[in-house]
Amino acid sequence: MPSSLISPSELDYIIRGVDDNLRADGRGRLDYREVILETGLISQANGSARCRLSKGTDVLVGVKVEIGSIEIDGTDEEVAAIEAKRGRIVCNVECSPIASQQFAGRGADDINNELTQLVDRVLNGPQGGLNLEKLCIIPGEECWIVYIDALVLDYGGNILDIIFTTIRAALHNTRVPKTVIEEDKEVEISDDVEEWERIEGWELVPISVTLNKIGTRHIVDATVLEELATKAKLSVMVNKNSKICGIQKIGGGSIEHSLLNEMLQTGRSLGQNLIHNLDKMLQKEEEINAKRKIGFFASA
Amino acid sequence: MSRQELIGPQGLRQDGRRASELRKIKCTPSVLSQSDGSSYIEQGNTKCLAAVYGPREARQKAQILHNKALITVEISLAPFSMSERKKRKKFDKRLLEIASAVKQTFEPIIMTNLFPRSQIDIFLQILQYDGGMIQICINAATLALIDAGIPMLEYVCACSAGIVEDTTILELLGTPELTVALLPQSQKVTLLQLETRLHVDKLEPVMKMAIEGAKDIYKHLDKISRNYIEDLLQKSNPHPPI
Amino acid sequence: MATDRRRIQGPEASVAPIILKSPNKIQLLDENLCRHNGRNLEDIRSISNGSAFIELNKTKIVCGVYGPRQTKIPAFSGKGNLNCEIKFAPFSCPKRRPPYRDSQEKELSQLIYEALTPSIRLDLLPKSTIDIYITILENDGTASCLAAAITCASVAVADAGIEMLDLVPACSASYINGHIFMDSDLIEEKRESGSLVLSYMPSLKEITHILQSGEVELNLTSQAIEQCTDSCSKIYSIMIDSLLLPIQNIK
Amino acid sequence: MRYVTPGTRLCFASEYEAGPGTYERDEYIYSSVVGIVQEFLPTVSSNTVEEKKQSKIITVSREKHQSSIPDVDSIITGKVIRMTTREAVVSIMVVGNIPCKDDYQGIIRSQDVRATEKDKVKIIESYRLGDIVKAEVISLGDARSYYLSTAKNEYGVIYAQSVAGAMMVPISWQKMQCTKTKAVELRKCAKPKDLFSKNQ
């Protein structure tokens, strides 16, 4: 199933619009769409969140923590020593066929793989934020494995940013059970939900800002049509203390050297605001969740 | 869970339902932007999204039907939908079976003869699973098809029932059960699936109960979609002529 | 370079001999690339339209380019399409790689595709496909492998006589406690806090791909980008030599 | 002799006309292939340059060409590999005078066989399997194959074998005769001006 096409006139319309800083939906170049956030929707998951752009992309993330054995590739002692004391994160991004026709059948495989690899690289590296040492139960043997499953339910452009935002929210919402280790190395999991605790370092989890180069300018939070008009995409991952946690150019097309730096700057500053807003929303969510759970699409 | 505990002393079930009580239904039509029609439905802890594309040109030339539209159903299960995480392969056998069941249910109901040589795709995404896969799939699909404005003879509403120690129970979860898909107006049954051993005499009451359940679901779906349409009309012309 | 040499002091943690981005390093690559290219071209040419071999110390990569040939997939396209496949030889890494393509290889293929597409004039090749097959014989640092693979593929495409806007040299760097290590090897990579891969079209001054991981200050990033573009320009000249040598010999 | 690689800046676009192997980008001309820089006046040069400007053409060329691919109104030589009542399928072997590395597929539809009396055309009376045909590409065609036309005097069968397997010589524009058995077979014969000229 081929992705949808764009007509020359549409293309021209978008490029001009971007040039005089007015986009089809009335936004400026660097304006985001309104984000609706819900957390703690999935009872079977340790943490979950759902982000929805006003009539656009919709991403659901479920986080599950399970006990698994620590894997070490024994090539390099020094490295192995570090790995032995660490938990693991396993990411998986899936574009559901309900999101867009082009994801039907095997259509989504490539994009799934691409996104999964990207997210996995960012979260598993030192820049991921999560404190992996805390996830270790018995050094060299058992640890918590954090499974992060992102599910794209609706496709309105700018998936990547929303995925990262949602993941961050989901991790904020995640609780890891307390474990007690007995003499015979039997791991006892406390079922008292009260003493389950947050994953340490969730607030350092980066989010991504994707800048789409259209014509000679760049915009954020592109819609489907705008993405079709995009020459090259640049995703910049930023974390709370304004460090760059990853840069990746996506799609064909090239970026001028001068423009690149400019894009990085914008990406970083925008990322800061995003994280700030997100944290505010998460706080609100917590208060709501304390009172009652809201079902899916309650706020859609 | 062992069968004794299924029903408490006051005839209440673990989730506090009475034997003949449905799970809480919550549903919303047209929740997705890209699809032609979509719906979200929630029955207790089972949550499902449905999207419908089409009628549109058939993808594979080989599959084209010259007198009517081709219907395809695809079900996918979110990795976190079950209590233990497992990365379900796409085209998992069990899912394929259910998908074909859903397909067969809708083939006679959708007026496919109106769209020769075309294709209608139904995609179902289970977000959270707590029993009653087929029924929720069918109900979600019905709503999505209505939202897509695809002509159907009438609603299809599915419900399941089971039996525990001589008491018939609506939406008996976890254990295999009898699922019925009902055409509420014409009172016809389009799908009847029994996944367990059941005494012939018991079949009648169980089926009755399932049908009753289906009727209730129908009432609910009907109400929802009517409200939705009225709402739309309201929006389209805020000042209707008095 | 002198400033670099002073800054890039190996940290105590690193037991590895630190490879500096120093002239002699580039020189080494120069010899290899030219020698191999000059020598191999004759026998490889018969098989594939274009081919190249690149060697940076331990990292060894060969690349073959086929086409343009008629596109098999029955979907009409006014532009040609590019198909990249990268494969780690089973013996290329410390751990044995399975012979089938795993998800990492799939992703690398995608990255290389993205890095090369801007440089190739696909609009001139309607209904045709260009296939690029890259095999990594020895992997000494994945990031540098990716960079080398891009460079190598670009040379191979040019060698195939396919029209392109510019050659695409690529370069990698890794951040190890505050320092920038250009083109780091496996041992350094294990200890890095982040890495950067950058591919660049020197004469058009356009960046065709950039991929950074690790938590880095913005200014350090831009510094790394500068260094990478510099060394890209160096590699560029080597690529040119390696391409011109054979035809000059023929004359 | 000046050897260049892709991306080498050759000259100002104002001075020269960008010929094959080069491209123009913000008032400069760059090389787009590896090769030797050549320049000549626009005469019987390449068919990619329109003749109107009188400025010199600059090209980059080399023994090792990219395997050529057919384009609209390029002239091809190919072999008939499949026939139906409606069309003859040709596997394109040579484009202009550059051989293709691996063959492309083209179709001569019955209405494109000749210019006159298109409705009377019978594929079987125009081509036979194995004939070598010279034709013109009229469009990029469908997803699978290019559309070819032989509706000009100089296009059509340029080499054919008779049933007897001997070579045949054209005796009229739609008849060929076997050199061995003297049997006459029907073909849409080409009247080549010069087989090896790039463009007529």
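Since this is a predicted model, take the numbers as computed values, not measurements. Basis for what follows: all heavy atoms, side chains included, without hydrogens, waters or symmetry-related copies. Protein chains get the first letters and strands the later ones, always in sequence-line order, with residue 1 at the start of each.
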Sort B/Ser81 into side chain, backbone, both or neither according to what part of it lies under 4.5 angstrom from a heavy atom of chain A. backbone

Residue A/Arg198 excluded, over 12 heavy atoms near CZ under 6.0 Å: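 Result for CZ/A/Arg198: enclosed.
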
Exceeds 12 heavy-atom contacts within 6.0 angstrom, atom OH of B/Tyr228: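 For B/Tyr228, atom OH is crowded (more than 12 foreign heavy atoms under 6.0 Å).
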
Once rounded to the nearest 0.5 Å, what's the spacing between atom CG of B/Leu49 and atom CG of A/Leu60?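 The distance works out to 9.0 Å.
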
Just how far is it from atom CG of B/Leu77 to atom OG of A/Ser96, taken to the nearest 0.5 Å?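 Result: 11.0 Å between the selected atoms.
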
If only atom types and distance count, is the side chain of A/Asp149 paired as donor or acceptor with the main-chain N or O of B/Phe80 below 3.5 Å?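 Checked: no pair found.
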
Verify, without hydrogens or angle tests, whether B/Lys47 (side chain) and A/Leu41 (backbone) share a donor-acceptor contact under 3.5 angstrom. yes

Check side-chain hydrogen bond (donor to acceptor under 3.5 Å, both in side chains) between B/Thr46 and all other residues, then give those that pass, not counting sequence neighbours. B/Arg23

Taking all non-hydrogen atoms of both residues, which atom of [X] and which atom of [Y] are closest, and how far apart?
X        : Y       : value
A/Gln44  : B/Met82 : CB-O, 3.8 Å
A/Asp154 : B/Ser33 : OD2-N, 2.7 Å
B/Tyr53  : A/Ala99 : OH-C, 3.6 Å

Is any side-chain heavy atom of [X] closer than 4.5 Å to a side-chain heavy atom of [Y]?
X        : Y        : result
A/Gln101 : B/Gln34  : no
A/Leu153 : B/Leu127 : yes
A/Ile98  : B/Ser38  : no

Return the option, out of A/Ala45, A/Ser48, A/Ser43, A/Gly56, with the maximum number of heavy-atom pairs under 4.5 Å with chain B. A/Ser43

By salt bridge (Lys or Arg N to Asp or Glu O under 4.0 Å) - contacts of A/Lys178 (at least two apart):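 Per chain and number, A/Lys178 pairs via salt bridge (Lys or Arg N to Asp or Glu O under 4.0 Å) with A/Glu197.
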
